[in-house]
Visitor: 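This is the structure I want to talk about, given as structure tokens.
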Amino acid sequence: MAADHTVYIKHVFLPRWLSDQHDQLCLFLKQAARFPLCVLILFLSLLSFSTHAEKISYSQLVDGDIITVTLDQLLPTQAVMSYDKEYALLYHYKKNEKNVFGALCKLNGGGKLKKWDENSSPTDLESYTCSKKLGSQTSDLASVIVGPEEGLLYLTTQHHILSSFWDMPNGGTSVPIKLKVTFNLLGSGDDFWPEMNNDNEVWLYNHKGKKISPSDLPDYIGSKQLKEDKYLSLAYFLQGISYDLPQKKKDPNTKAPYQRVPYLALQWSLTLREKMNADDYNFNNRDEYAAALAEAATVMVDLASDEKVGKTDLPATAMGQFSEVDSKALETMLTSKKSEWYFATEYRIEKKKKSTPKKLLEEQEKAKQASTESSNKEKEKTNGTKEDDK
């Protein structure tokens with residue numbers, strides 16, 4: 001049966017003044033012997049440290065083990081992310097701090113949020129309560145692979161939401177998270193990366209779509225390390241609009257569902273990169289972003305059903321391609337203030353305003369007003385001409 005371990009390899013549990021100097025420790029114990037109550041309190045304190053975090057060796061971990069680590073101990077297995085997927089999460093957290101703890105409960109395998117208050121902190125698992133025991137809902141946990149050396153944990157899923165915990169104002173490197181060990185490849189040496197690549201556990205393409213080596217992967221998760229891939233954002237938002245998970249469709253020849261495809265959105269992003277130029281659009285402008293999504297959706301459905309997508313050997317139809325764009329779903333996403341796309345663009349706009357000097361913002365607003373007035377005058381002139389024609 002899989003065990004639930006807590007791994008705080010980088011943390012020191014004993015007070016530094018007790019562990020650093022042997023002579024000071026001895027002197028302290030001599031003094032404390034005069035006060036039995038002090039010795040008891042010290043013992044209970046040290047006991048609480050040891051029960052709070054069981055310090056184990058990585059070599060002991062087996063497939064299926066549940067471990068607890070802090071975010072700074074995780075190594076990403078991809079060099080890119082959809083900033084807008086993360087922005088949607090950050091905006092959701094900003095709307096209501098309760099959403100932060102709801103997300104933490106779910107990703108920690110604890111189900112829904114049960115209790116929290118103003119003293120709750122993402123860096124303290126005991127400061128909020130979830131409906132289930134943390135780690136019990138294993139399907140919600142992110143996955144890691146151990147190896148090839150002691151102390152290395154490679155994150156293979158959930159890069160975006162874990163990056164949001166890193167990047168949110170009250171988060172950071174010390175946020176603890178429960179994870180599921182899928183493989184322990186400790187000691188695999190030179191075979192580690194070939195095996196990771198063979199098992200589709202690593203994405204070795206950068207934000208320009210170029211092939212990279214494992215040594216080019218970032219040292220940490222988060223938007224300061226993972227680069228923005230606009231094409232990935234397009235693919236992410238278009239799931240359910242111009243394509244969907246392949247396993248939801250049946251192969252007309254075998255009548256069985258298509259196989260699950262690793263890195264599905266990332267594979268589609270490579271094809272979109274070949275067929276369009278996302279830099280033609282300003283993603284900080286909703287109208288332009290919407291136009292980019294419309295073009296990308298059209299590109300995806302217009303591919304020949306047997307055309308290969310990304311770096312796979314699979315045809316578009318086996319990659320979840322729709323025969324036509326779901327226009328109703330696209331319109332709903334673009335117009336609803338509850339959609340993830342709206343959250344992402346709202347966060348983008350606010351972020352842009354904060355980084356833009358006040359004087360420039362005022363000039364942009366004046367230019368916008370002048371353009372609107374000019375447009376209104378042109379409409380009035382046109383309407384007047386039409387009335388004269390009548």
Side-chain angles (χ1 to χ4, degrees), residues 78 80-92 103 106-107 139-140 142 156-164 200 203 205 207 209 226 228-251 257-276 278 281 283 286 289-303 305 307-312 314-348:
Q78 61 191 59
V80 298
M81 67 185 292
S82 161
Y83 277 15
D84 289 321
K85 184 174 182 179
E86 187 196 35
Y87 287 167
L89 292 166
L90 293 174
Y91 183 77
H92 188 56
K106 182 172 178 58
L107 201 62
S139 61
D140 291 329
T156 55
T157 62
Q158 305 286 11
H159 285 75
H160 287 85
I161 190 167
L162 287 174
S163 289
S164 76
N200 292 305
W203 180 259
Y205 293 90
H207 63 293
L226 300 176
E228 180 180 20
D229 187 338
K230 290 183 177 181
Y231 299 93
L232 178 56
S233 291
L234 294 172
Y236 169 68
F237 286 123
L238 289 174
Q239 183 177 328
I241 293 173
S242 52
Y243 81 104
D244 212 335
L245 299 176
Q247 57 266 37
K248 290 185 177 181
K249 293 175 59 180
K250 289 186 177 180
D251 186 329
Y258 284 108
Q259 295 294 310
R260 172 187 171 275
V261 178
Y263 300 109
L264 180 66
L266 282 161
Q267 294 287 3
W268 273 109
S269 74
L270 292 179
T271 293
L272 289 176
R273 186 181 293 275
E274 294 174 357
K275 305 290 185 179
M276 64 180 287
Y281 302 92
F283 280 25
R286 280 203 180 100
Y289 202 155
L293 285 163
E295 181 183 351
T298 302
V299 165
M300 296 171 91
V301 299
D302 283 352
L303 285 179
S305 61
E307 186 171 345
K308 302 294 188 292
V309 174
K311 299 299 179 180
T312 71
L314 298 172
T317 186
M319 293 289 285
Q321 179 196 41
F322 285 2
S323 58
E324 61 182 20
V325 176
D326 187 335
S327 300
K328 185 176 181 180
L330 178 60
E331 182 182 1
T332 298
M333 181 184 71
L334 297 178
T335 56
S336 172
K337 291 188 177 182
K338 295 182 179 180
S339 73
E340 287 186 80
W341 181 76
Y342 178 84
F343 286 177
T345 53
E346 192 70 7
Y347 189 88
R348 266 187 176 275

Visitor: Can you name the nearest heavy-atom pair linking L234 to A278, along with the distance?
Guide: CD1-CB, 4.5 Å
Visitor: Does a side chain donor of either Y205 or D229 reach within less than 3.5 Å of an acceptor in the other side chain?
Guide: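 Absent: no donor and acceptor within the cut-off.
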Visitor: Taking the ring of Y91 and the ring of Y347, is the distance between their centroids below 6.0 Å?
Guide: no
Visitor: Would you please classify the geometry between the Y263 ring and the W203 ring as parallel, tilted or perpendicular, with 30° and 60° separating the classes?
Guide: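 Tilted, since the angle between the ring planes falls between 30° and 60°.
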Visitor: Can you tell me how far the CD atom of E307 sits from the CG atom of D302, to the nearest 0.5 Å?
Guide: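 So the CD of E307 and the CG of D302 are separated by 10.5 Å.
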Visitor: Answer whether the closest heavy-atom distance between the side chains of K275 and L303 falls below 4.5 Å.
Guide: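 The answer is yes; the side chains approach within 4.5 Å.
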Visitor: Is there a side-chain contact between W341 and L293, using heavy atoms and a 4.5 Å cut-off?
Guide: yes
Visitor: Taking ring-ring contact (aromatic ring centres under 6.0 Å, His included) as the criterion, tell me which of Y243, F237, F322, Y236 meets it with W268.
Guide: Y243
Visitor: Measure across P315 and K308 and return the closest heavy-atom pair with its distance rounded to 0.1 Å.
Guide: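 Result for this residue pair: N-CD, 4.1 Å.
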Visitor: Should T271 and M319 be marked as a side chain to side chain contact (heavy atoms under 4.5 Å, CB included) after you check the CA-CA gap, both sets of side-chain angles, and the distance that decides it?
Guide: CA-CA 12 Å; T271 293; M319 293 289 285; over 6 Å; no
Visitor: Out of curiosity, L162 CG to T157 OG1, how far, rounded to the nearest 0.5 Å?
Guide: 7.5 Å
Visitor: For residues 289-299, pull every pair meeting salt bridge (charged side-chain N to carboxylate O under 4.0 Å, His left out), keeping only residues two or more places apart or in separate chains.
Guide: none
Visitor: When you compare the side chain of M81 with that of H207, does any pair of heavy atoms fall below 4.5 Å?
Guide: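 H207 vs M81: side chains apart.
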Visitor: Looking at every heavy atom in both P246 and V261, which two are closest together, and how far apart are they?
Guide: CG-CG2, 3.8 Å
Visitor: Can you see which heavy atom on L232 is nearest to which on S82, and at what distance?
Guide: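 Closest pair (atom of L232, atom of S82, distance): CD2-N, 3.5 Å.
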Visitor: Within this structure, what is the CZ-CG distance for the pair F343 and L89, rounded to the nearest 0.5 Å?
Guide: 10.0 Å
Visitor: Flag yes if more than 12 heavy atoms outside Q247 fall under 6.0 Å of its CD atom; otherwise flag no.
Guide: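 Yes.
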Visitor: Rounded to the nearest 0.5 Å, what separation is found between the NZ atom of K106 and the CD1 atom of I161?
Guide: 8.5 Å
Visitor: Are there over 12 heavy-atom neighbours, none belonging to E228, within less than 6.0 Å of that residue's CD?
Guide: yes
Visitor: Side chain to side chain contact (heavy atoms under 4.5 Å, CB included) for F283 and Y83? Distances and angles first, verdict last.
Guide: CA-CA 11 Å; F283 280 25; Y83 277 15; over 6 Å; no
Visitor: For salt bridge (Lys or Arg N to Asp or Glu O under 4.0 Å), just list the numbers for K249 and D244, CA-CA rounded to whole Å, side-chain angles, deciding distance to a tenth of an Å, and then say yes or no.
Guide: CA-CA 9 Å; K249 293 175 59 180; D244 212 335; over 6 Å; no
Visitor: Are R260 and L245 close enough, and set up right, to give a side chain to side chain contact (heavy atoms under 4.5 Å, CB included), and what steps lead you there?
Guide: CA-CA 7 Å; R260 172 187 171 275; L245 299 176; over 6 Å; no
Visitor: Output a table of donor-acceptor pairs, distance under 3.5 Å, between side-chain atoms of residues 329-336 and any protein atom two or more places apart or on a different chain; print 'none' if there are none.
Guide:
residue, atom, partner, partner atom, Å
T332, OG1, K328, O, 2.9
T335, OG1, E331, O, 2.7
S336, OG, K338, N, 3.1

Visitor: Would L226 and H160 satisfy side chain to side chain contact (heavy atoms under 4.5 Å, CB included), going step by step from the backbone distance to the final call?
Guide: CA-CA 10 Å; L226 300 176; H160 287 85; over 6 Å; no
Visitor: I need the L272 CG to Q267 CD distance, nearest 0.5 Å.
Guide: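 If I round to the nearest 0.5 Å, the distance is 12.0 Å.
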Visitor: Heavy atoms only: give me the nearest S233-Y289 pair and the separation to one decimal.
Guide: CB-OH, 3.6 Å
Visitor: Please report the closest heavy-atom contact between K230 and Y281, naming both atoms and the distance.
Guide: NZ-O, 4.1 Å
Visitor: Which value, rounded to the nearest 0.5 Å, describes the distance between L90 atom CG and S163 atom OG?
Guide: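 Going from CG on L90 over to OG on S163, the span is 9.5 Å.
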